[in-house]
Amino acid sequence: MEIEIKIDEKIIKNAYYTFIILFFLIFSFLIFYNNLSVVWNYPIVFGDEGYHMRISKEFALRKEYLHYLDFIQPNPSAYGYISIFHFLEAFGFLISESFAKFLLPLIIFVTSFSIFVIFWKIFDEKIALLSSILFQTFQSTIIYSVTFYVDSLFVLFIFLSFSFLFLFLKENKIEYYFLSSIFLGLSFIVKPTLPFAISFGIIFLVFYYYFLRKINFKELLMFFLFPIFTILSLIVFNILAYNKICVGFWIIAEFLNKYLDGSCEIKNIEYKDIYSFAGRTEQRGSELDVFSFGLKEYIDFAYGYSSFIILSSIIGIFILIYHKRYELLFPLIPFFLLTVVWLIIIYPFSNDLGVLYRAEDTARYLYFLNPFIALYSSLFLYSLKEILDLIKNARNSSIVKVVFLLIFLISLFIITYYFFISYSFKLEIMKRVKTFSEYFFEACEYIKERTEKNTTLMSLWGYRVLYACERNIGGTADLRLSNSSTFINELAKNFGIDYFFVEKFSIDPLNRNLSEMYNLDWVKLLLNSKEYFEIFYENGVPIDDCINNYLPIGIPCDGVIIFKIK
């Protein structure tokens, strides 16, 4: 007697969806936990981290809006835009520093969750799952998952703006249209440098669909109400606070500051440098521009395994074209517009932005594309589905079966490698990047114990000093490039600088006049000018050993030496 077992398809489907959701949650929680362990166990020492977190901490300590960054001397600049990121972190600091650090990995988790939910709604659960996983494991996402820049919150808002516009065009629900407009407006008060450029893409598409009669004139006007209100409120705030438009409006601000004296610095000292640095640092690795760095190397640096990203993205785009999903191609439009803006408008006129100079900065400026690059890369699943169908139907051709099976296995291997190797490797790199000299923090503790709160230090690692030492920073190129101890002493006093905070591991024995290194001759000048500068504190390798034994054979010496201005 045969027993027939029937399984309800609905139960199987629910179990399948439950597995997908649980897999996403477990994977994302592991990423969240790893990111959190880095931000909790490693100091705030990467790039501009100290700058952003000091602003947030000052908001929390003072419990008032900072009109001027008065802890950056001698000419404090206006803080002319309200960043939600800084207020969010300030709220965290009101509870504890640990809670403030907790918020950054949380933002990444919320972004990946949004990708998962929205792409499931637009596509299916497989595309949603792979897109969210790819986004979290992209190399540039990992960098800004553990470093405190405003960019991660900016990416979340821009993604939501694009995605709700997707959903509006797909389902024609007006609430999605309003949400897209709101999140676009909010992006202006997170990061003031990119929204204008990225908005060109969104605005172009809104007009495009208006002319296709998919958006009527009333809806067209409504879309711009919130972004325009946000921009106008920022302009009004700037005028009320500073009597002019200050920072926060990118090309407009650059034009005002350079040609119409729109700068909102407090001019405590009118001074123009006599000397200038020969460069920022040694030109190698991600310090190079994208073209010198190499396109393949840049893709590896920003996303991971370059062949997988390139091939899967190209396949994904062709899949969209094949299925005539043209409306889903539009995230590429802001990319091209942004590139045009960089190459034609900004690059020839503003070297200060350094947009094309450093691969690291380029990855950060294009960070907003990561969810969409993840989407295009995951769309190759459509092609794999078609390949599997061909394998199933190609019963008379074993060669075709073998070829397509190999393609499937190779793709599976690449994905496995990307998930488990690339992410872990990059996170280990970030741990090393966020590891800083213990002597540096010892020196900061000494400074906090032995100096007043309004003390001003000069250090080439200024933003690290700003946060870790909780003291003001200041300086100019002339203080480090002049060979006159008298001039340096007088200039330091004019600038209100009390101490030179010199990290020995950044001493350059070749005296190349780099802004992120101290010339050895300059350090010797301070040591030999005891009538102007006295050693206030020193730790690590003694400075004489550095000069006589370590530096001549190319070995950097760890430690800090602090000179007091007499």
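Heads up: numbering here begins at 1 and tracks the sequence. The figures that follow rest on heavy atoms only: side chains count, while hydrogens, waters and symmetry mates do not.
Judged by distance alone, the side chains of Y271 and N494 never bring a donor and an acceptor atom under 3.5 Å apart. With no hydrogens or angles considered, a side-chain donor-acceptor pair links T451 and R471 at under 3.5 Å. Of the N and O atoms on the side chains of N472 and T455, not one donor lies less than 3.5 Å from an acceptor on the other residue. Between the side chains of N513 and N519, at least one donor N or O sits under 3.5 Å from an acceptor N or O.
Taking each heavy atom of F93 and A100 in turn, the nearest pair found is N-CB, 3.8 Å. The minimum heavy-atom distance linking S482 with L525 is given by the pair O-CD2, 3.9 Å. Closest approach of L457 and C469 over heavy atoms only: CD1-CB, 4.3 Å. Residues S83 and V190 approach most closely at OG-O, 3.2 Å, considering heavy atoms. Here the closest heavy-atom approach between residue L104 and residue E89 is recorded as N-OE2, 4.2 Å. Annotation for P76 and L69: closest pair CB-O, 3.4 Å, computed over non-hydrogen atoms.
Other residues, nucleotides and ligands place no more than 12 heavy atoms under 6.0 Å from the OH atom of Y439. Residue F487 qualifies as enclosed at atom CZ: its count of foreign heavy atoms under 6.0 Å is above 12. The neighbour count for F91 CZ, taken as heavy atoms of other residues, nucleotides or ligands under 6.0 Å away, does not exceed 12.
Inter-residue side-chain proximity for T230 and I189 is flagged as met; some heavy-atom pair is nearer than 4.5 Å. In this structure, the side chains of I565 and K493 come closer than 4.5 Å at one or more pairs of heavy atoms. Annotation: side chain of V560 is not in contact with side chain of Y446 (no heavy-atom distance under 4.5 Å). Side-chain contact check for I543 versus L527: some heavy-atom pair is nearer than 4.5 Å. By the 4.5 Å heavy-atom criterion applied to side chains, I507 and M517 are not counted as neighbours. Residues K448 and K453 form no side-chain contact, since every pair of their non-hydrogen atoms from C-beta on lies 4.5 Å or further apart. Inter-residue side-chain proximity for N489 and F533 is flagged as met; some heavy-atom pair is nearer than 4.5 Å. Within the 4.5 Å cutoff, the side chain of F440 has heavy atoms near those of the R464 side chain.
Shown are F164, F168, F166; of these, the ring-ring contact (aromatic ring centres under 6.0 Å, His included) with Y177 is made only by F168.
In terms of modelled atom types and a separation under 3.5 Å, the side chain of T456 and the main chain of G474 share no donor-acceptor contact. In this structure, the side chain of Q73 engages the main chain of D70 through a donor-acceptor pair within 3.5 Å. Proximity of a side-chain donor or acceptor of E534 to a complementary backbone N or O of K564 within less than 3.5 Å is not detected. Between the side chain of K426 and the backbone N or O of Y303, no donor-acceptor pair lies under 3.5 Å. A donor-acceptor pair under 3.5 Å is formed between the side chain of D478 and the backbone N or O of Y275. Using a distance-only test at 3.5 Å, with no hydrogens or angles considered, no donor-acceptor pair links the side chain of D273 to the main chain of T476. No donor-acceptor distance shorter than 3.5 angstrom exists from the side chain of T141 to the backbone of T137, with no hydrogens or angles considered. For the pair S163 (side chain) and F159 (backbone), a donor-acceptor distance under 3.5 Å is present. Not one N or O on the side chain of R450 forms a donor-acceptor pair closer than 3.5 Å with the backbone of Y537.
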Using side chain to side chain contact (heavy atoms under 4.5 Å, CB included), reason through F536 and I561 one step at a time and then give a plain yes or no. CA-CA 8 Å; F536 176 71; I561 182 167; over 6 Å; no

Using the rule given for side chain to side chain contact (heavy atoms under 4.5 Å, CB included), can you reason through L66 versus F71, listing the C-alpha separation, both sets of side-chain angles and the distance that settles it, and then say yes or no? CA-CA 11 Å; L66 305 180; F71 39 80; 4.2 Å; yes

Go through the steps for V39 and V146 under the test side chain to side chain contact (heavy atoms under 4.5 Å, CB included), then give the verdict. CA-CA 6 Å; V39 299; V146 296; 4.0 Å; yes

Derivation and outcome, ring pair (Phe, Tyr, Trp, His ring centres under 6.0 Å), residues F154 and F368: CA-CA 8 Å; F154 176 74; F368 78 96; 7.1 Å; no

Do L466 and Y463 pass the side chain to side chain contact (heavy atoms under 4.5 Å, CB included) test, and can you show the C-alpha distance, the side-chain angles, and the key distance before you say yes or no? CA-CA 5 Å; L466 193 67; Y463 290 157; 4.1 Å; yes

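For F32 and F113, the ring centers are positioned 6.0 Å apart or more. Checked against a 6.0 Å centroid threshold, the rings of F563 and F500 do not count as neighbours. Between Y79 and Y68, the distance separating the two ring centers is not shorter than 6.0 angstrom. Taking the ring centroids of F99 and F102, they lie under the 6.0 Å cut-off. Aromatic rings from Y144 and Y367 are positioned such that their centres are separated by under 6.0 Å. In this structure, F135 has its ring center no closer than 6.0 Å to that of F116.
The stretch residues 28-44 participates, sequence neighbours left out, in these side-chain hydrogen bond (donor to acceptor under 3.5 Å, both in side chains) pairs: S28-Q136, N35-Y423. The list of side-chain hydrogen bond (donor to acceptor under 3.5 Å, both in side chains) pairs with a residue in residues 498-508, not counting sequence neighbours, reads S459-E503, W461-S506, E503-Y518, K504-E538, D508-R512.
Under the side-chain hydrogen bond (donor to acceptor under 3.5 Å, both in side chains) criterion, E442 pairs with no residue at all, not counting sequence neighbours. Not counting sequence neighbours, the partners of I182 by the side-chain contact (heavy atoms from CB on, under 4.5 Å) test are L186, F226. In this structure T486 satisfies the side-chain contact (heavy atoms from CB on, under 4.5 Å) test together with S484, E490, Y532, sequence neighbours excluded. Under the rule for a salt bridge (Lys or Arg N to Asp or Glu O under 4.0 Å), the partners of E58 that lie at least two apart in sequence or sit in another chain are R54, R62.
The cationic atom of R364 (NZ for Lys, CZ for Arg) does not lie both less than 6.0 Å from the six-membered ring centre of Y149 and within 45° of the ring axis. A cation-pi arrangement is found for K57 relative to Y467, the charged atom lying closer than 6.0 Å to the ring centre and inside a 45° cone about the ring normal.
Atoms CG and OG, from L103 and S152 in turn, are 12.0 Å apart once rounded to the nearest 0.5 Å.
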